[in-house]
**Student:** 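Attaching a single structure in structure tokens format; questions to follow.
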Amino acid sequence: YREKTGKEIQVVLLQNHGIFVAGDTVEEIDRLFAGVWNTLEKAVERRPDLSPCEETAKAVETARLLAEKTGKTMGFVDAREGMRFTEEGGSWAPLEKPFTPDHIVYCGPFPLVLKRSEDVKEELEAFTGRTGLVPKVVMVEGTGAFVMGENKGDCGKAEMLLRDAMKVAVYAENFGGPLSMTEDLTEFIIHWEAESYRKKQ
């Protein structure tokens, strides 16, 4: 980069991790970030809609049923984008694989997708048998997205990262589509001791 431009690198885009900037002052860093955001903003035509859903009675009842059948704490992700990603016909595809290591650690690498909430117990066993993991996100077709954990704290973290994944997926539509982490990197993060330790903190 130095040979090409005669300058030091100030902006680094690290695939499936994020953006890093370097400057001599806080003001310079702010200016660099502002330049990146302004450039991206001009290309954005659709933004994620994370406003609350108009009707949640069915979803709340589904969360209760899922909790009853799994013995886990369940939470409904009350966001219109979550409903869009669980429409019939496989609209959840952009969320089937993780975007970053944080998504893997806090909301799991893969969601459990259900056609019917009543099938959760059997499908959960099949999912765990297939992947060796317990899902943190459950997507029920035609009903909405849910988070699952041992307690409300687990669910809160999973929901925060799921909402972030929805944002990534939607914003990526403006730039050629989402780019998930590779299978090899996903497996590495799942079994990496450092991430397992971080998850416990």
**Student:** Please give me the minimum heavy-atom distance between V134 and M148, naming the atom from each residue.
**Tutor:** CG1-CE, 3.9 Å
**Student:** Could you go through T100 and H103, starting from their C-alpha distance and side-chain angles, then the distance that decides it, and tell me whether this counts as side-chain contact (heavy atoms from CB on, under 4.5 Å)?
**Tutor:** CA-CA 5 Å; T100 72; H103 292 112; 2.7 Å; yes
**Student:** We want to know whether D49 and S51 form a side-chain donor-acceptor pair, criterion being a heavy-atom distance below 3.5 angstrom.
**Tutor:** yes
**Student:** Looking at every non-hydrogen atom in both residues, tell me the closest pair between C155 and G149 and how far apart they are.
**Tutor:** SG-N, 3.6 Å
**Student:** Just by distance, do the side chain of D102 and the backbone of L161 share a donor-acceptor pair under 3.5 Å?
**Tutor:** no
**Student:** Are L114 and L95 connected in a single hydrophobic cluster, I mean Ile/Leu/Val/Met/Phe/Trp/Tyr linked by side-chain heavy atoms less than 4.5 Å apart?
**Tutor:** no
**Student:** Please check this pair: side chain of K136 against backbone of V105, looking for a donor-acceptor N/O pair closer than 3.5 Å.
**Tutor:** yes
**Student:** Rounded to the nearest 0.5 Å, what separation is found between the NZ atom of K7 and the CZ atom of R2?
**Tutor:** 14.0 Å
**Student:** Verify the neighbour count for atom CZ of R46: are there more than 12 heavy atoms of other residues, nucleotides or ligands below 6.0 Å?
**Tutor:** yes
**Student:** Test side-chain contact (heavy atoms from CB on, under 4.5 Å) on T73 and D154 and set out the steps.
**Tutor:** CA-CA 9 Å; T73 301; D154 287 348; over 6 Å; no
**Student:** Are R64 and E61 close enough for a salt bridge, meaning some N to O gap below 4.0 Å?
**Tutor:** yes
**Student:** Quick one: does any side-chain atom of T25 pair with a main-chain N or O of E28 as donor and acceptor, under 3.5 Å?
**Tutor:** yes
**Student:** At what distance, to the nearest 0.5 angstrom, does CE of M139 lie from OG of S91?
**Tutor:** 7.5 Å
**Student:** Should V77 and V140 be counted in the same cluster of Ile, Leu, Val, Met, Phe, Trp and Tyr side chains packed under 4.5 Å apart?
**Tutor:** no
**Student:** Kindly work out whether a path of hydrophobic side-chain contacts (I/L/V/M/F/W/Y, heavy atoms less than 4.5 Å apart) joins I104 to F99.
**Tutor:** no
**Student:** Output yes when a side-chain donor or acceptor of D78 lies under 3.5 Å from a complementary backbone atom of P52, and no otherwise.
**Tutor:** no
**Student:** Could you measure the distance from the NZ atom of K167 to the CZ atom of R47? Nearest 0.5 Å is fine.
**Tutor:** 12.0 Å
**Student:** Given side-chain contact (heavy atoms from CB on, under 4.5 Å), test E150 with K72 step by step and report yes or no.
**Tutor:** CA-CA 6 Å; E150 295 301 324; K72 302 284 186 181; 2.4 Å; yes
**Student:** Below 4.5 Å, heavy atoms only, C-beta onward: do V138 and M74 meet side chain to side chain?
**Tutor:** yes
**Student:** What pair of heavy atoms forms the shortest contact from T143 to T62, and how long is it?
**Tutor:** CG2-OG1, 3.5 Å
**Student:** Would you say D24 has more than 12 foreign heavy atoms packed within less than 6.0 Å of its CG?
**Tutor:** no
**Student:** Might you work through the salt bridge (Lys or Arg N to Asp or Glu O under 4.0 Å) test for R84 and E173, ending with a clear yes or no?
**Tutor:** CA-CA 14 Å; R84 189 183 73 82; E173 292 174 10; 3.3 Å; yes
**Student:** Using 0.5 Å steps for rounding, measure from the CD atom of E159 to the NZ atom of K152.
**Tutor:** 12.5 Å
**Student:** Please answer: with hydrophobic residues joined when any side-chain heavy atoms are less than 4.5 Å apart, are F110 and V147 in the same cluster?
**Tutor:** no
**Student:** Between A169 and F85, what is the shortest heavy-atom contact and its length?
**Tutor:** CB-CZ, 3.7 Å
**Student:** Which distance, rounded to the nearest 0.5 Å, do you find between the CE of M166 and the CZ of R80?
**Tutor:** 14.0 Å
**Student:** Answer whether the closest heavy-atom distance between the side chains of F20 and L14 falls below 4.5 Å.
**Tutor:** yes
**Student:** Atom OG1 in T186, atom NE2 in H191: separation rounded to 0.5 Å?
**Tutor:** 10.5 Å
**Student:** Could you walk me through whether V120 and T70 satisfy the side-chain contact (heavy atoms from CB on, under 4.5 Å) test, starting with their C-alpha distance in whole Å, then the side-chain angles of each, then the deciding distance to 0.1 Å, before giving a yes or no?
**Tutor:** CA-CA 7 Å; V120 64; T70 63; 3.8 Å; yes
**Student:** I need the minimum non-hydrogen distance between N174 and A43, along with the two atoms involved.
**Tutor:** CB-O, 3.7 Å
**Student:** Quick check: is W92 connected to M83 through a chain of hydrophobic side chains (ILVMFWY, heavy atoms under 4.5 Å apart)?
**Tutor:** no
**Student:** Taking ILVMFWY side chains as joined if any heavy atoms are under 4.5 angstrom apart, and letting links pass through other members, which residues group with V60?
**Tutor:** none
**Student:** Judged by atom type as modelled, is there a donor-acceptor pair below 3.5 Å linking the side chain of E141 to the main-chain atoms of T86?
**Tutor:** no
**Student:** If you compare all heavy atoms of P48 against all heavy atoms of V170, which two are closest, and at what distance to 0.1 Å?
**Tutor:** N-CG1, 3.4 Å
**Student:** Other members of the hydrophobic cluster containing F175, with the 4.5 Å side-chain heavy-atom rule, please.
**Tutor:** V11, L13, I19, V21, I29, L32, F33, V36, W37, L40, V44, Y171
